[in-house]
Each structure stands twice: as structure tokens, then as C-alpha cells.
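All remarks here apply to the structure that follows.
Computed over heavy atoms, backbone and side chain alike; hydrogens, waters and symmetry mates excluded.
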Amino acid sequence: MWLAIPLIIIITGLVWALNKMLPFKVCPVCAGVSGTWILMTALILTNILPTTYYLLPTAILMGGTVVGIAYQGEKSLKWAVKNQILWKLLVILVGFLLVYWVVQHLSWYTFVGEFIVLAMAVYLFFVRKVGLAAPPPPHSADSANVEKIEKG
């Protein structure tokens, strides 16, 4: 974990700074955790980091990302907002099974799959605007109409 903690802090800080320039905002902590385990996975696969010492922290961080996906979906996807327990249960069960499988079969193929899944999650939770749970802000004309109706 001595490598993971500083990496999480560094990546979180970089994404926090990058958010000031991006047209969309990414959760810096989510990026810090996910970026750390993606980087550690690549370093394990290139034999720079020994699997014996770094696979367990990598798996723990992967599990953290699964929980983060459950949380982000719960607050941003319409279906997940309406079905919070089922959403979280499905994400946690499927996610933990996938993490277990990936850790058991770690390869460049699973690495590419991990990267694709993370890219889809970033798009779904941070880039995409359609299908979000929060309703769009009312237009000024709509607000005026609401006030008229309220006054009667």
C-alpha cells in the first residue's frame, strides 16, 4: 500500500486540477483510486511490480471502484435512483465477481477489458448528460408560469 496511497493522492490532485479545464467534471477520488489500480495492473503485467506484493492492494482498489460505481449510479442514473437497493446489489455482486475473475486471470486482455469498462463508466457517470437523475433546471419562462399558477 506504500505505493498505492501516494499514487491515489497524486492522481486525485491531477484530476482535481484538470477538472478546472474540462467541460465536464470527473470525481477526483474515483479517478485517483481507479487510475492507481490501472497503473499498478500495468506495472504488474510488465513485471515491474512483483505480483506477490502488489496483487492484493490492486484487488482492494478494484473493489473500491466497484463500490464507487454503485455510488455514482445511485445518484446519476434514473433507474438506479428508483431502484437503489437492487442497483447497488447488482453492481456489488457482479462487480466483485468480475474483480475476482480478473485477479485470477490477470493478463493484457483483461487489462484492456478493465480499461474499456472504466472508460464506459467515466462516460456514463461524468460525460453523458442524457438519462441523468437530476431534472434539468427550469427555464425562466417556466418559472414565471409557475409563479402565475401559484398566485392563482
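- The minimum heavy-atom distance between Cys30 and Phe126, with the atom names listed, is SG-CZ, 4.5 Å.
- For the pair Asn83/Leu90, no side-chain contact is recorded, criterion being any heavy-atom separation below 4.5 Å from C-beta on.
- For the pair Leu45 and Phe111, the minimum side-chain heavy-atom distance is below 4.5 Å.
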Could you walk me through whether His105 and Val102 pass side chain to side chain contact (heavy atoms under 4.5 Å, CB included), step by step? CA-CA 5 Å; His105 300 91; Val102 164; over 6 Å; no
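- At least one side-chain heavy atom of Phe96 sits less than 4.5 Å from a side-chain heavy atom of Val67.
- Summarising the geometry, atom CG belonging to Leu7 is positioned 5.5 Å from atom CG belonging to Leu39; distances are rounded to the nearest 0.5 Å.
- Separating the CH2 atom in Trp16 from the NZ atom in Lys25 is a distance of 11.5 Å, to the nearest 0.5 Å.
- Closest approach of Pro28 and Asn19 over heavy atoms only: CG-ND2, 3.8 Å.
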Given Thr46 and Trp108, is the side chain to side chain contact (heavy atoms under 4.5 Å, CB included) satisfied, shown in steps? CA-CA 9 Å; Thr46 55; Trp108 286 109; 3.5 Å; yes
Verdict with supporting geometry, Val94 and Val66, side chain to side chain contact (heavy atoms under 4.5 Å, CB included): CA-CA 9 Å; Val94 171; Val66 170; over 6 Å; no
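- Residues Met62 and Leu56 do not share a hydrophobic cluster, defined by chaining ILVMFWY side chains whose heavy atoms lie under 4.5 Å apart.
- Each of Ile60 and Met40 belongs to its own hydrophobic cluster when Ile, Leu, Val, Met, Phe, Trp and Tyr are linked at side-chain heavy-atom distances under 4.5 angstrom.
- Placement of Leu98 and Val103 in two distinct hydrophobic clusters is found when ILVMFWY residues are connected by side-chain heavy-atom separations under 4.5 Å, directly or transitively.
- The side-chain heavy atoms of Leu118 and Thr65, taken from C-beta on, include a pair separated by under 4.5 Å.
- Residues Gly63 and Val99 approach most closely at N-CG2, 4.4 Å, considering heavy atoms.
- No donor-acceptor pair under 3.5 Å is formed between the side chain of Thr58 and the backbone N or O of Thr41.
- Taken from CZ in Phe115 to OG in Ser34, the straight-line distance is 11.0 Å, to the nearest 0.5 Å.
- Residues Ala31 and Val15 come closest through the heavy atom pair CB-CG2, 3.5 Å.
- Distance check: Ile44 CD1 to Thr52 OG1 gives 9.5 Å after rounding to the nearest 0.5 Å.
- Within the 4.5 Å cutoff, the side chain of Lys82 has no heavy atoms near those of the Trp87 side chain.
- Between Thr36 and Leu3, every side-chain heavy-atom pair lies at or beyond the 4.5 Å cut-off.
- Put simply, Leu86 and Leu77 are part of the same group of oily side chains (I, L, V, M, F, W, Y) that touch within less than 4.5 Å, one to the next.
- The shortest non-hydrogen separation linking Val81 to Glu74 is CG2-O, 3.2 Å.
- Atoms CD and CH2, from Gln84 and Trp79 in turn, are 11.0 Å apart once rounded to the nearest 0.5 Å.
- Evaluation of the side chain to side chain donor-acceptor pair (under 3.5 Å) rule for Thr12 yields no partner, not counting sequence neighbours.
- The minimum heavy-atom distance linking Gly73 with Ala80 is given by the pair O-CB, 3.1 Å.
- Residues Lys75 and Phe125 form no side-chain contact, since every pair of their non-hydrogen atoms from C-beta on lies 4.5 Å or further apart.
- For the atom pair CG of Leu49 and CG of Leu55, the computed distance is 11.0 Å after rounding to the nearest 0.5 Å.
- Residues Leu97 and Val117 fall into different hydrophobic clusters, defined by Ile, Leu, Val, Met, Phe, Trp and Tyr side chains chained together at heavy-atom separations under 4.5 Å.
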Checking Lys88 against Leu93 for the side chain to side chain contact (heavy atoms under 4.5 Å, CB included) test, could you report, in this order, the C-alpha distance in whole Å, the side-chain angles of both residues, the deciding distance, and whether it holds? CA-CA 8 Å; Lys88 286 190 274 191; Leu93 293 177; over 6 Å; no
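- Side-chain contact between Ile48 and Tyr54 is absent, with no heavy-atom pair separated by less than 4.5 Å.
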